[in-house]
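The structure under discussion appears below in the form of structure tokens.
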Amino acid sequence: MKNQEIARIFNELAEYLEMEGVAFKPYAYQKAALTLENLKDDVAAIYQQGGLKALKKIPGVGESMALKIEEYLKTGKIQYYEEFKQRLPIELNEIMAVEGLGPKKAKILYEHLGIRTLADLEAAAQAHQIAPLFGFGAKTEANILEAIEFVKRSKGRFLLGEILPLAEAVRDRLSRLPEVEQINIAGSVRRMKETIGDVDLLAISRAPDPVMDFFVSLPEVVRVWGQGHTKSSVRTKPGFDMDLRVIPAPSYGAALQYFTGSKEHNIALRKIAIDLGYKLSEYGLFKGSEIIAAVSEEAVYQALGLQWIPPELREDRGEIEAAAAGKLPKLIDYTDIRGDLHVHSNWNGGAHSIADIAAAARQLGYDYVGIADHTKFLRIERGLDEATLEKRNQEIDRLNQQLKDSGHDFTILKGCEANIMADGSIDITDESLAQQDFVIAGVHSQFKMTPEQMTERVITAMHNPHVDIIAHPTGRILKKRTEYEINLDQLIQAAQATGTVLEINAYPERLDLDDLNILKAKQAGVKLIINTDAHHIDQLRYMKYGIGQARRGWAEKPDIINAWPVAEMLKMLK
DNA sequence: GCTATGGATAGCCTAGCATCCCAATGCTA
């Protein structure tokens with residue numbers, strides 16, 4: 001799909017136009033880029049079927065942009081963009097990632113110092129060449145150096161799984177202070193986004209100063225960026241920043257809404273407010289100076305004619321229209337999951353015995369747990385061969401009998417995470433697969449195939465009558481490895497046709513399928529399962545990250561088979 | 001440059017903050 005490439009060019013064009021001081025065009029390009037990024041259909045296909053006219057039907061795309069898309073599809077280039085790039089050959093993605101630098105400053109830096117890359121920028125700042133420039137100063141130069149460090153260390157984003165536990169711990173400690181009346185996590189953490197820039201905490205307090213004192217002196221804090229009565233900002237040990245804002249109770253709802261975002265969602269809300277003759281800000285919904293709603297999020301949404309929208313949906317991907325029509329999905333809840341089918345035991349690479357895993361799963365309130373040990377191809381994880389699998393299954397039978405004898409209504413399910421070989425075959429025999437309650441199959445080798453080969457490979461595996469679930473379907477590792485090239489649309493079609501379930505792997509580095517692909521699968525009627533891929537019983541708690549992504553992908557209880565009673569779930573499997 | 005309204009033109013999300021320079025700009029959320 002060329003959608004992302006064109007979106008990237010449009011985003012860069014927006015930045016170039018911003019450099020030139022052009023009004024409104026940057027916004028137009030940004031908007032079109034955002035639409036393209038989230039477009040389900042391939043622009044190339046749209047153009048092929050309906051030509052320029054069809055392109056212009058894409059919201060935010062008019063005559064001029066349609067022509068540019070056509071040009072890109074035909075020649076692989078957009079002349080208008082190439083001219084900018086030649087005149088201002090700046091690595092925009094690198095330079096703009098530095099906090100404090102925007103298009104205007106990037107242009108000045110290039111024209112005066114020839115700065116094109118992050119390395120150029122660092123060298124110039126270290127040589128103190130930046131401070132003397134007009135509009136800059138010693139302070140800006142120092143900030144640039146610090147921001148570069150941050151970009152280099154983390155690319156500026158952290159995994160939800162790295163951040164959420166600490167954010168919740170800090171929230172809980174603050175909530176125990178007598179001065180704190182209420183406290184919430186806002187921002188992208190509240191939206192359960194897969195990666196996070198920083199943490200926003202919002203509190204109500206009549207005595208903010210002791211709260212702020214407590215906050216900046218938390219043991220996790222390594223640096224205080226600023227401390228005031230309404231806002232304090234710190235850097236934590238793991239490297240991300242945390243902001244605490246104290247809001248007056250009457251406008252808390254508006255503030256929580258505002259600071260939860262996303263930016264796109266908020267922009268869309270403000271437009272609705274304007275259409276109704278209102279003005280929406282972090283202080284409330286106003287008509288002139290009269291306050292319409294502010295105390296709760298529900299009140300703000302209601303005054304705009306909308307249902308309250310769950311944070312995970314707030315991305316301006318149609319949730320506002322759905323809320324206006326009273327047709328928001330009834331999202332899968334964090335308490336709906338009945339079991340986890342992807343847990344590794346110490347029969348292969350896992351840390352705990354099957355008995356320990358079962359005990360831990362029971363403690364989480366599950367009805368069942370599925371042991372999905374690796375199969376023999378994965379030597380590094382001590383994958384099991386057919387004979388060892390059989391022995392392991394005997395142990396599971398024995399443990400199930402024990403559970404039954406002691407009156408527990410809990411089942412351990414026999415399974416494996418088998419390997420999909422390059423030709424689409426499975427690395428253990430069909431006889432052995434047939435003995436399992438369920439079979440997860442995944443790609444764990446030879447990631448670099450052409451998209452056609454990889455798609456064919458996985459679809460072949462789906463046609464195996466024993467393969468129930470495809471593990472981590474795109475193979476991505478966040479911040480480390482991009483997904484392998486695979487045609488997910490075809491994969492989803494094949495899953496639908498073969499009755500194969502696709503996994504939402506809740507492991508923080510994976511979160512695979514991601515939110516957008518979850519939505520695609522759901523719309524195609526494909527069933528999904530949320531699994532942790534736990535190798536340690538503590539990792540069973542990763543489930544909530546998977547549920548978060550499922551909610552972001554609009555998934556409801558009927559879409560997620562491990563939210564069903566165990567008998568129904570087993571019936572769904574092949 | 002796009003959209004909506006009406007057939008050529010108006011309007012595009014908002015507020016606060018840091019920095020640099022002492023009123024304005026750029027950036028961020």
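Protein chains get the first letters and strands the later ones, always in sequence-line order, with residue 1 at the start of each.
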Under 4.0 Å, heavy atoms only, any strand: does [X] hit a base, just the sugar-phosphate, or nothing?
X        : answer
A/Tyr27  : sugar-phosphate
A/Lys56  : nothing
A/Val22  : nothing
A/Ile274 : sugar-phosphate

[X] has an atom [atom1]; how far is it from atom [atom2] of [N], in whole Å?
X        : N      : atom1 : atom2 : result
A/Gln227 : B/dC17 : CD    : C1'   : 18 Å
A/Asp275 : B/dG11 : CG    : C1'   : 12 Å
A/Leu34  : B/dC2  : CG    : P     : 16 Å
A/Ile247 : B/dG16 : CD1   : P     : 12 Å
A/Phe10  : B/dC2  : CZ    : C1'   : 12 Å
A/Lys25  : B/dC2  : NZ    : P     : 9 Å
A/Ile144 : B/dT19 : CD1   : C1'   : 12 Å
A/Leu109 : B/dT19 : CG    : P     : 16 Å

Set of residues satisfying ring-ring contact (aromatic ring centres under 6.0 Å, His included) with respect to [X], sequence neighbours excluded:
X        : answer
A/Tyr258 : none
A/Tyr278 : none
A/Tyr334 : none

Out of B/dT19, B/dT14, B/dC12, whichever nucleotide has its closest atom nearest the side chain of A/Asn143: B/dT19

Are [X] and [Y] ion-paired here, with the side-chain N under 4.0 Å from a carboxylate O?
X        : Y        : value
A/Lys522 : A/Asp559 : yes
A/Lys107 : A/Glu18  : no
A/Arg551 : A/Glu556 : no
A/Lys74  : A/Glu70  : yes
A/Arg314 : A/Glu319 : no
A/Arg87  : A/Glu82  : no

In whole angstrom, give me the gap between the [atom1] atoms of [N] and [M].
N      : M      : atom1 : value
B/dC12 : B/dC17 : C1'   : 24 Å
B/dA10 : B/dG6  : P     : 14 Å
B/dA23 : B/dC27 : P     : 22 Å
B/dT9  : B/dT14 : P     : 26 Å
B/dG7  : B/dG1  : P     : 24 Å
B/dC20 : B/dA24 : C1'   : 9 Å

- request: Find the distance between CZ (A/Arg190) and CD1 (A/Ile196) and round it off to the nearest 0.5 Å.
  value: 13.0 Å

message: To the closest 0.5 Å, what do you measure between CG (A/Leu201) and CG (A/Asn184)?
response: 9.0 Å

- prompt: Under a 4.0 Å heavy-atom cut-off, which of residues 278-298 of chain A touch DNA chain B?
  reply: A/Lys279, A/Ser281, A/Tyr283

- prompt: Do A/Lys77 and A/Tyr72 meet the cation-pi criteria used here (NZ or CZ under 6.0 Å from the six-membered ring centre, within 45° of the axis)?
  reply: no

task: Indicate for each nucleotide in nucleotides 20-29 of chain B, in 5' to 3' sequence, whether protein heavy atoms under 4.0 Å reach the base (B), only the sugar-phosphate (S), or nothing (-).
output: SS----SSSB

Taking every non-hydrogen atom, the tightest pair across A/Glu94 and A/Leu118: OE1-N, 2.7 Å

message: Show me, range against range, the stems involving DNA chain B, built from at least 3 consecutive Watson-Crick or G-U pairs below 3.5 Å.
response: B:1-5 with B:8-12, B:14-19 with B:24-29

